[in-house]
Amino acid sequence: MVHPINKQSLSSGKTTHNRALSLIFHKMAECYRYMGTEERFRATAYENVSRVLANMKEDISEHAGSVEELDEIGGIGESIAEKIIEYLQTGKIKTFEELKKKLPFDLLELMDISGFGPSTLRTLHEKLGINNRDDLVKALQENKLNKLKGFGERKLTNMKRALKMEKSNNRMPLQLAEEEGARLLRLIKSIKAVEKIALAGSLRRKKETVGDIDMVLVAVPRNRKRIVEEIIRVIQPQKILARGTTKLSMIVGDRETQVDIRLVHDYEFGSAMLYFTGSKEHNIRLRTIAKERGMKINEYGIFDVKTGERLAGETEEEMYELLGLNYVSPEKRIDAESVETKD
DNA sequence: GGGCAGCGCAC
DNA sequence: GTGCGC
DNA sequence: GCCC
């Protein structure tokens, strides 16, 4: 089989600093999240920079002539600029080294696993003395978590599954995801009360690898309970992570693919598709623009902040239009810069 | 110096 | 109500 | 932490 040329791999030789720094800032973000809610915005800031670096085409050292130069990059401010320069000059970031000493650092990598947030990890550390992944696996085997408050059966099952799966990188190549997506669409379309269903997320954006499969389903509320039951019946997921009347999250197939389905009204289809297609950066940019215009945007539509009136949401096109933006095709909804104001 | 999204589901 | 993921 |  012929593989398409991968841009990332072409430039990988020049972006080694980006990768290393992206990882460090990701780890620092985890440290701050672990420290508690008062640090959560700091954590977000570090996570943002981590993502910016991961997506950057050229090596960060090309912009690292001065703090001022780095500061021009969105998401990077004075403090992180200094840390980037420190890293390029010394190979280390002192603040990071100190965080490592201060916190149960090996434990924090578990935050990369779905279901493990800061609070959960603090409880595990403080109540059971768990310091790393191995400790946790052992504690789970010995059923030591069962007594803990807030650790119900479903949560434990999900934790065990996530822990097992996390070892293998579960992102699949686009083509495989497209095949699986088409298969699921076919099955769900066979359900009578489903008025409409479409793929969203990174699969719709045609990202080169896809982590999970997102779908938006249109149905009236009175049919939703039955639809969810029917979906489970025809798809026969390996696991159900969460099920309600507006949301279904499950693990499907031998590859253990996570599938998330949102159930919405027909008039919310556009806003739900826009929202769940992402990317995250693109959404944040849209939110900011909406706010500048006195509007608020979410998966249910665009609203006038003052009156609360719903202004749009049936189609994506009308939403971009309302915001005074050119329509952006899903494939191009990559970052904040992919949003263009109309002239 | 204030805002940084806010909602559904598990518990 | 809190934690978590999205 | 960053942005406005």
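Computed from a predicted model, the values in this text were never measured in an experiment. In what follows, chains carry the letters A, B, and so on, assigned in the order in which the sequence lines appear, proteins first and then strands, with residues in each chain numbered from 1.
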Reckon [X] touches a base, only the sugar-phosphate, or nothing at all at heavy-atom distances under 4.0 Å?
X: A:Arg243; result: sugar-phosphate
X: A:Thr245; result: sugar-phosphate
X: A:Glu39; result: nothing

For [N], does OP1 or OP2 lie under 4.0 Å from any side-chain N or O of [X]?
X: A:Ser249; N: C:dC6; result: no
X: A:Gln258; N: C:dG5; result: no
X: A:Lys291; N: B:dC4; result: yes
X: A:Thr246; N: B:dC9; result: yes
X: A:Tyr300; N: B:dG8; result: yes
X: A:Tyr32; N: D:dG1; result: yes

Rounding to an integer number of Å, can you tell me how far [X] [atom1] sits from [N] [atom2]?
X: A:Ile73; N: D:dG1; atom1: CD1; atom2: P; value: 18 Å
X: A:Leu241; N: B:dC11; atom1: CG; atom2: P; value: 11 Å
X: A:Leu203; N: C:dC6; atom1: CG; atom2: P; value: 16 Å
X: A:Glu281; N: D:dC3; atom1: CD; atom2: C1'; value: 16 Å
X: A:Ile284; N: B:dC4; atom1: CD1; atom2: P; value: 12 Å
X: A:Arg33; N: C:dT2; atom1: CZ; atom2: P; value: 20 Å
X: A:Arg40; N: B:dG3; atom1: CZ; atom2: P; value: 12 Å
X: A:Tyr46; N: D:dC3; atom1: OH; atom2: P; value: 13 Å

- [ ] Would you check if A:Phe41 stacks with the base of B:dC4, given a 5.5 Å centroid limit and a 30° plane limit, both strict?
- [x]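 Yes, A:Phe41 stacks on the base of B:dC4.
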
Among [options], the nucleotide that comes nearest once only the side chain of [X] is considered:
X: A:Lys247; options: C:dG5, B:dG6, D:dG1; answer: C:dG5
X: A:Tyr275; options: B:dA5, D:dC2, D:dC3; answer: B:dA5
X: A:Ala242; options: C:dC6, B:dC9, D:dG1; answer: B:dC9
X: A:Lys155; options: C:dC4, D:dC3, C:dG5; answer: C:dC4
X: A:Arg262; options: C:dG3, C:dC6, B:dC4; answer: C:dC6

Open item on the list: When the C1' atoms of B:dC7 and D:dC2 are compared, how many Å lie between them, rounded to an integer?
Closed with: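 One C1' to the other, the span is 25 Å.
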
Task: Distance between C1' atoms of C:dC4 and B:dA5 (Å, rounded) - done: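 Straight-line distance between the two C1' atoms is 15 Å.
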
Task: Whether A:Tyr46 and A:Tyr32 hold their rings parallel, tilted or perpendicular, with breakpoints at 30° and 60° - done: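 Answer is parallel, since the angle falls under 30°.
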
Task: Approximate separation, where rounding is to 0.5 Å, of A:Met111 CE and A:His26 NE2 - done: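 The CE atom of A:Met111 sits 9.0 Å away from the NE2 atom of A:His26.
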
Open item on the list: By nearest heavy atom, map A:Lys149 and A:Asn298 onto DNA chain B; which one lands nearer the 5' end?
Closed with: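 Upstream on the strand: A:Asn298.
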
Open item on the list: Looking at A:Ser190 and A:Leu187, would you say the former's side chain and the latter's main chain have a donor-acceptor pair under 3.5 Å?
Closed with: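 Side chain of A:Ser190 to backbone of A:Leu187, a donor-acceptor pair under 3.5 Å: yes, one is there.
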
Open item on the list: Check this for me, if you would: do A:Arg333 and A:Glu316 make a salt bridge, where the nitrogen-to-carboxylate-oxygen distance has to be below 4.0 angstrom?
Closed with: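 A salt bridge links A:Arg333 with A:Glu316.
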
Task: Charged tip of A:Lys83 within 45° of A:Phe96 ring normal and under 6.0 Å - done: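 Pair A:Lys83/A:Phe96 does not count as cation-pi.
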
TODO: Please indicate whether A:Lys160 has more than 12 foreign heavy atoms, meaning atoms of other residues, nucleotides or ligands, lying under 6.0 Å from its NZ.
DONE: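 Check passes, neighbour count above 12.
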
